[in-house]
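Everything below concerns the one structure shown next.
Residue numbering restarts at 1 for every chain, and letters A, B, ... go by the order of the sequence lines.
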Amino acid sequence: MAQKPTISKGTRDFNAEEVAKRSYIMDTIKEQFRRYGFQPIETPSFENSDTLMGKYGDEGDRLIFKILNSGEYLKKLSDNDYSSKSEAVLTPKISEKALRYDLTVPFARYVVQHQNEIDFPFKRYQIQPVWRADRPQKGRFREFYQCDADVVGSKSLFQEVELIQLYDDVFKNLKLEGVIIKINNRKILSGIAELIGAQDKLIDFTVALDKLDKIGEEKVKAEMRAKGISEEGISKLQPLFDLSGKFSEQIDKLKSILKSSEVGLKGIEELEFINDNISTLGLKTASLELDVTLARGLNYYTGAIFEVAAPAKVKMGSIGGGGRYDDLTGIFGLKDVSGVGISFGLDRIYLVLEELGLFPETIADSTKVLFLNFGNLEAQSCLPAITDLRQKGISAELYPDDVKMKKQMTYANRRNIPFVVLVGEKELEDKSFTLKNMSSGEQRNVSYTELIEALAH
RNA sequence: GUGGUUGUAGCUCAGUUGGUUAGAGCGCCUGAUUGUGGUUCAGGAGGUCGUCGGUUCGAGACCGAUCUUCCACCCCA
């Protein structure tokens, strides 16, 4: 035999059970999205490169899958370009399309393109695969699904409050306990950067701060020094490293740290508003935590930043993220439209639920009843019954081949089909059916009316 | 993109310093049971050892390349 075919790195096939489990998660998320008033849209798998490139930073550009042009694209190159051996020069000339990297940027493009048809504030949800040319690991794939809910055209902080509730509701319905919704505010990060005189190094500063959990205080300081942040500035950060306690206590400490920064205080005010409302409303299973080290690499967030951590006992990166972006549509020419959104990582949630054994048992639908095949004549006599059962909404099938009964029974057993009907010579003669319950093993001879009654519930 | 790791039967894995015919458990197939699956018993099939190349009298084992898996960076869902 020839070499077995394989699938591309970082992609997966899904069998029937996996599809059922994935649908379970998707349906749960969708139901909550709808309940909160979000409307579904879909966008193409690939966009013009211009739409995507440069929106996710240099790192992001590297991870975008580019699609080669069609036709004789090499012939159209100038000799200069051809011999340049430079990706930066060549890539835009031979690739004008790219696979979707996330759902937020295509959404921003959608909003700008359809601005005249949209009623603002516009609440949309979108569940589609995205692609990243990343090196795969556990919980990290090159093709995976994001489930996004965004609101554009409203600056109201009620949106942030609702989105936190939405996270909570989804995890409650998935029976996933111990999820932590981390929140921060980009304005606070800006305020701190301002305080230490590193406004121009905001990204470097936040990226370094974000690693506090992972590499510790000293290494974070070292990285900041390496990025050119002054010693004086770093020493001003000390209260930040020592920040601890409840949400409200942290807020109070931040207020004194940032008292001279207008933007910083604005960020604190926003956080406080969100936290006050969530405290009043209460969360069902998730908890909201302030994490000033939360940065997220994306450069378009301007206000709240969210990241959702799986329960501590599961070793898994974040299972969701999001935030407020005041000017995302600005890059496509539509100014002053503020947006805020969250995202669920379907594939990672799947792994978490699997590891914790949280999928419901009766998740995969199987056929309800299998009619065994005792030969052409007998099988044919079953067809009207099967047709009628299907009409009544009961999934029924006939074993297609006249093979040994043992084989047919084994087949029903493996597929977890709960009932089997036997119509052989005897039943054919007296127009009856033998109905067997596969889990109890019990079987009885019944009329057609009795058969329907037994299978109906 | 950088460094490391993994690959042997359908699945999970053994396989000694390189040495005859590569093993186990589970699963699968057949029969015990010609109208009865899940349990039991008996028997059986199934592997070009990820792929390509090299070293060697001889490679599953050693070397190189490549693909894949997982891990640490980077970044992220």
Side-chain angles (χ1 to χ4, degrees), chain A residues 1-12 15 25 29 56-64 87 100-104 127-148 167 203 206-208 210-211 214-215 219 223 294-299 305-310 315-322 341-352 370 372-375 378 399 402-428 434-443 445:
Chain A
M1 199 180 87
Q3 174 69 23
K4 269 188 195 168
T6 58
I7 52 173
S8 191
K9 188 200 311 212
T11 65
R12 288 125 334 129
N15 64 27
I25 300 173
I29 293 174
Y56 310 100
D58 291 344
E59 189 66 18
D61 282 0
R62 203 195 82 209
L63 297 177
I64 291 173
E87 287 82 10
R100 191 203 288 136
Y101 176 89
D102 74 352
L103 301 178
T104 307
I127 298 178
Q128 287 191 280
V130 302
W131 294 269
R132 294 183 188 178
D134 211 350
R135 191 174 288 205
Q137 286 179 32
K138 185 179 190 176
R140 170 180 285 192
F141 308 100
R142 292 183 138 186
E143 177 183 62
F144 62 96
Y145 270 71
Q146 287 192 332
C147 315
D148 276 28
Y167 264 140
I203 300 277
T206 52
V207 165
D210 192 37
K211 293 179 188 165
K214 227 178 197 171
I215 63 176
K219 286 186 178 172
E223 184 166 331
L294 175 62
R296 296 182 59 79
L298 295 175
N299 24 25
I305 308 169
F306 303 112
E307 185 164 300
V308 182
K315 204 170 167 245
M316 179 64 66
S318 62
I319 57 176
I342 58 172
S343 180
F344 292 83
L346 172 74
D347 303 79
R348 287 189 177 174
I349 292 172
Y350 182 105
L351 292 172
V352 171
L370 179 75
L372 298 200
N373 189 324
F374 281 76
E378 290 88 343
Y399 194 94
D402 170 19
V403 298
K404 277 189 197 141
M405 201 168 156
K406 182 188 167 100
K407 193 174 167 76
Q408 301 190 39
M409 291 295 275
T410 304
Y411 179 77
N413 198 50
R414 289 236 183 88
R415 283 189 51 199
N416 285 317
I417 296 175
F419 294 97
V420 153
V421 167
L422 296 80
V423 175
E425 209 178 330
K426 280 183 297 193
E427 290 87 352
L428 192 59
T434 294
L435 176 68
K436 174 163 177 143
N437 179 319
M438 291 298 280
S439 54
S440 68
E442 164 205 12
Q443 72 182 51
N445 193 259

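Taking for each of A/Phe344 and A/Lys407 the nucleotide of RNA chain B with the nearest heavy atom, the 5'-most of the two is the partner of A/Lys407. Place A/Ser8 and A/Gln146 on RNA chain B by their nearest nucleotides, and A/Ser8 ends up nearer the 5' end.
Out of B/G37, B/C74, B/G35, the shortest distance to the side chain of A/Lys436 is found at B/G37. Nearest nucleotide to the side chain of A/Glu427, out of B/C28, B/G35, B/C74: B/G35. Nearest nucleotide to the side chain of A/Phe144, out of B/C75, B/G37, B/A77: B/A77. The A/Asn413 side chain lies nearest to B/G38 when the options are B/C75, B/G38, B/G1. Taking every side-chain heavy atom of A/Lys315 into account, B/A72 is the closest of B/G37, B/A72, B/G35. In this structure, of B/C76, B/C71, B/G37, it is B/C76 that holds the atom nearest to the side chain of A/Arg348. In this structure, of B/U69, B/C76, B/A72, it is B/C76 that holds the atom nearest to the side chain of A/Arg140.
Between A/Ser343 and A/Asp148, some side-chain heavy-atom pair lies under the 4.5 Å cut-off. A heavy-atom distance below 4.5 Å is found between the side chains of A/Leu422 and A/Met405. Counting heavy atoms from C-beta on, the side chains of A/Glu427 and A/Val421 never come closer than 4.5 Å. Two residues are said to be in side-chain contact when any heavy atoms from C-beta on lie closer than 4.5 Å; A/Leu428 and A/Phe374 fail this criterion.
To the nearest angstrom, P of B/G35 lies 11 Å from CD of A/Gln408. Computed from coordinates, the A/Asp210 CG to B/C75 C1' distance equals 10 Å when rounded to whole Å. Rounded to an integer number of Å, the gap from A/Tyr411 OH to B/G35 P is 22 Å. Between the CG atom of A/Leu63 and the C1' atom of B/C76 there is a distance of 8 Å, rounded to whole Å. Distance CG (A/Leu103) to P (B/A77): 11 Å, rounded to an integer number of Å. In this structure, the CZ atom of A/Arg12 is 10 Å from the P atom of B/C70, given to the nearest Å. Straight-line distance from the CG atom of A/Asn445 to the P atom of B/G35: 17 Å, rounded to whole Å. The CZ-C1' distance, from A/Phe419 to B/G37, rounds to 15 Å in whole Å.
Among the heavy atoms of the strands lying under 4.0 Å from A/Gly10 are primed sugar atoms or P, OP1, OP2 only; no base atom is included. Residue-level contact check: A/Leu422 touches the bases, meaning some heavy atom is under 4.0 Å from a base atom. Across all strands shown, A/Gly317 has no heavy atoms under 4.0 Å from either base or sugar-phosphate atoms. Using a 4.0 Å heavy-atom distance criterion, A/Tyr145 is classed as making no nucleic acid contact. Among the protein residues, A/Ser343 comes within range of no part of the nucleic acid, since none of its heavy atoms lies under 4.0 Å from any strand. Contacts of A/Gly60 with the nucleic acid, taken as non-hydrogen atoms under 4.0 Å apart, are absent. A/Gly57 comes within 4.0 angstrom of no nucleic acid atom, judged by non-hydrogen atoms across all strands. In this structure, A/Gln443 reaches the bases: a heavy-atom distance under 4.0 Å links it to at least one base atom across the strands shown.
Side-chain to base pairing of A/Arg132 with B/C76: no donor and acceptor N or O lie closer than 3.5 Å to each other. A donor N or O paired with an acceptor N or O is not found under 3.5 Å between the base of B/U68 and the side-chain atoms of A/Lys9. You won't find any donor-acceptor pair under 3.5 Å spanning the side chain of A/Arg414 and the base of B/G27, going by distance alone.
In this structure, A/Lys404 does not reach the B/U30 phosphate: none of its side-chain N or O atoms is under 4.0 Å from OP1 or OP2. Look at A/Gln137 and you'll find a side-chain N or O under 4.0 angstrom from OP1 or OP2 of B/A72.
Other residues, nucleotides and ligands place more than 12 heavy atoms under 6.0 Å from the CG atom of A/Asn15.
Comparing B/G7 with B/U2, their P atoms sit 23 Å apart, to the nearest whole Å. Nucleotides B/U66 and B/A72, compared at atom C1', are 23 Å apart to the nearest Å. One P atom belongs to B/C41, the other to B/G27, and the distance between them is 11 Å to the nearest Å. As rounded to the nearest Å, B/U68 and B/G1 have P atoms that lie 11 Å from one another. Rounded to whole Å, the C1' atom of B/G23 lies 10 Å from the corresponding atom of B/U8. Spacing between B/G53 and B/G58 at atom P, rounded to whole Å, works out to 16 Å. Rounded to whole Å, the separation between the P atoms of B/C75 and B/C63 comes to 34 Å. For the P atoms, the distance from B/U69 to B/G50 is 16 Å, rounded to whole Å.
Just one of A/Arg348, A/Arg132, A/Arg135 meets the side-chain contact (heavy atoms from CB on, under 4.5 Å) condition when paired with A/Arg140; it is A/Arg348.
Taking every heavy atom of both residues into account, A/Gln408 and A/Asn373 meet most closely at OE1-N, 2.6 Å.
Inspection of the A/Thr11 and A/Glu143 side chains reveals no N or O donor paired with an N or O acceptor under 3.5 Å.
Shown here, B/A22 forms no base pair; nothing in the strands shown gives a Watson-Crick or G-U wobble contact with both key distances under 3.5 Å. Pairing of B/G53, defined by two Watson-Crick or G-U wobble distances under 3.5 Å, is identified with B/C63. Base-pair partner of B/U2: B/A72 (Watson-Crick or G-U wobble, both distances under 3.5 Å). Nucleotide B/C28 forms a Watson-Crick or G-U wobble pair with B/G44, both donor-acceptor distances falling under 3.5 Å.
Classification of the A/Phe344-A/Tyr167 ring pair by plane angle, with boundaries at 30° and 60°, yields perpendicular.
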